[in-house]
Protein chains: 2
Amino acid sequence: MSLRHALLGLLSERPASGYDLLKSFDTSLANVWPATQSQIYTELSKLADAGLISVTAEGPRGRKEYTLTDAGLAELRHWLTETKPQRNTRSEVLLRVFFLGVLTPEQARGYLTELIKLSEQAHENLRHLDESIDWDGDNLSVCGRITLEYGLRFNAMRREWAEWAVGQIR
Amino acid sequence: MSLRHALLGLLSERPASGYDLLKSFDTSLANVWPATQSQIYTELSKLADAGLISVTAEGPRGRKEYTLTDAGLAELRHWLTETKPQRNTRSEVLLRVFFLGVLTPEQARGYLTELIKLSEQAHENLRHLDESIDWDGDNLSVCGRITLEYGLRFNAMRREWAEWAVGQIR
DNA sequence: TAGTGACATGTCAAGAGTGGAAGGTAGAAT
DNA sequence: ATTCTACCTTCCACTCTTGACATGTCACTA
């Protein structure tokens with residue numbers, strides 16, 4: 001049910017339409033909890049039916065602006081404080097590394113070298129994103145900053161690890 | 001289609017039954033690509049129908065031992081060399097961090113403190129696992145070692161990051 | 001005025017993943 | 001002899017996720 005809570009979380013920052021939320025999922029949440037358009041619109045309808053969000057404005061092109069209700073905020077807080085993350089993370093990248101042994105050493109090193117490049121690129125992208133945002137000091141913003149820092153550290157770690165791994169393959 | 005390839009990968013190491021594979025998913029692949037029993041047995045049937053694996057022995061308790069076929073090995077190699085990982089990673093833990101701003105600073109710090117503990121525990125578990133395995137020098141084993149090292153570094157990174165993050169919340 | 005691109009939503013089929021029920025065998029311990 | 005535990009498979013109902021199709025508005029520009 002994480003998509004549900006991701007939507008509630010985004011709406012806790014400011015009211016938004018499905019289209020706005022879709023953009024958030026494509027940018028800030030892309031590497032945290034990706035979601036597609038169909039999923040978002042479907043879930044928004046359900047959330048509205050459940051009374052956790054409500055339509056507070058209708059704009060020009062059929063645009064519907066949703067706002068978090070009190071019940072929605074309560075549900076979000078409940079999720080954060082009373083439940084634990086259960087899903088284990090899945091990483092297709094790592095899964096591939098696990099089976100690199102069926103390839104020749106050259107092929108395996110090639111894969112890891114690719115990975116180094118990808119990590120560097122991702123790191124650069126995040127660095128630019130970081131610089132383009134002016135983080136005002138509120139609590140929400142602090143959490144965005146913290147999440148971005150995670151990405152930065154993650155990519156740095158991954159690059160160092162992949163460099164080490166290349167040397168391990170004989 | 002990653003589950004499919006995870007199964008082919010495990011069977012490339014040695015023939016195994018659904019039950020054996022289930023145990024692999026619960027241990028070595030638990031933090032890479034978790035899968036449930038129903039998923040595994042279903043996929044094994046499909047893989048056998050597709051001729052990528054075949055039943056090579058039937059044991060005592062209805063046990064069926066599957067072996068990778070040549071077609072299966074080819075498919076595994078094709079997946080590793082010709083296709084790219086597409087799925088973005090999903091992290092419920094990080095998603096929660098992103099929305100920690102709706103909580104009080106104490107609650108938010110509490111969550112991050114929990115995370116530090118979890119990371120330390122996970123790190124310890126992996127360290128013990130590492131020590132209990134005697135890594136012989138073949139290529140498959142090297143990849144297992146590399147994957148485990150990733151976990152070690154990942155948890156260390158996560159702990160440091162969470163410690164830093166606690167200090168960021170005012 | 002016709003076309004393009006950003007804005008905006010809705011729906012559906014198919015595939016992937018979850019959780020549990022159900023059933024059966026073999027070996028070991030009480 | 002019985003029970004317990006580990007072994008082992010199959011099936012089902014459900015939710016989540018993906019990708020594609022369908023539809024329409026508004027602003028700009030060639």
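Below, chain A is the first sequence line, B the second, and so on; all start at residue 1.
What separates CD of A:Glu58 from C1' of D:dT25 is a distance of 14 Å, to the nearest Å. Atoms CG (B:Leu22) and P (C:dG17) sit 15 Å apart, rounded to a whole Å. In this structure, A:Arg4 atom CZ and D:dT17 atom P are separated by 12 Å, rounded to whole Å. If you measure from atom CD of B:Gln86 to atom C1' of D:dT18, you get 10 Å, rounded to the nearest angstrom. Whole-Å rounding puts the B:Tyr41 OH to D:dT9 C1' distance at 5 Å. We find that NZ of B:Lys46 is positioned 14 Å from P of D:dT10, with the value rounded to whole Å. Taking atom CE on A:Met1 and atom C1' on C:dG17, their separation rounds to 16 Å, with Å as the unit. Computed from coordinates, the A:Leu47 CG to C:dT9 C1' distance equals 16 Å when rounded to whole Å.
Along DNA chain C, the nucleotide nearest A:Arg61 and the nucleotide nearest B:Trp33 are compared for position; the residue whose nucleotide lies closer to the 5' end is A:Arg61. With DNA chain D read from its 5' end, the first of the two nearest nucleotides for A:Ser2 and B:Gly18 is the one closest to B:Gly18.
Salt bridge annotation for B:Glu120-B:Lys117: absent, with no cationic side-chain nitrogen under 4.0 angstrom from a carboxylate oxygen. Salt-bridge formation is detected for the pair A:Glu65/A:Arg63: a Lys NZ or Arg NE/NH1/NH2 atom is positioned less than 4.0 Å from an Asp or Glu carboxylate oxygen.
No contact: B:Thr42 has no heavy atom under 4.0 Å from any strand. The residue B:Ser17 sits close only to the backbone: its heavy atoms come under 4.0 Å of sugar-phosphate atoms, none of a base. Among the atoms of the strands shown, only primed sugar atoms or phosphate atoms (P, OP1, OP2) are found under 4.0 Å from some heavy atom of A:Arg90.
For A:Gln37, taking side-chain heavy atoms from C-beta onward, the closest of the listed nucleotides C:dG17, D:dC16, D:dA20 is D:dA20. For B:Leu3, taking side-chain heavy atoms from C-beta onward, the closest of the listed nucleotides C:dG17, D:dT17, C:dA8 is C:dG17. Taking every side-chain heavy atom of B:Arg63 into account, D:dT9 is the closest of D:dC16, C:dT9, D:dT9. Closest approach to the B:Lys64 side chain among C:dT18, C:dA8, D:dT10 is made by D:dT10 (side chain taken as heavy atoms from C-beta onward). Residue B:Asp20 places its side chain closer to D:dC8 than to any other of C:dA16, C:dC12, D:dC8. When the nucleotides D:dC16, C:dG19, D:dA6 are ranked by their closest atom to the side chain of B:Tyr19, D:dA6 comes out on top.
Screening B:Arg159, B:Glu160, B:Arg158 against B:Ser119 for a side-chain hydrogen bond (donor to acceptor under 3.5 Å, both in side chains) leaves a single residue, B:Arg158.
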Let's go through B:Ile53 and B:Thr67 carefully: what are the C-alpha distance in whole Å and the side-chain angles of both, what is the deciding distance for side-chain contact (heavy atoms from CB on, under 4.5 Å) to 0.1 Å, and is it a yes or a no? CA-CA 5 Å; B:Ile53 61 177; B:Thr67 303; over 6 Å; no

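Judged by the 6.0 Å and 45° rule, A:Arg153 forms a cation-pi pair with B:Trp164.
At least one side-chain nitrogen or oxygen of B:Gln39 sits closer than 4.0 Å to the OP1 or OP2 atom of C:dT18.
Below the 3.5 angstrom threshold, one finds a donor paired with an acceptor across the side chain of A:Ser38 and the base of D:dG19.
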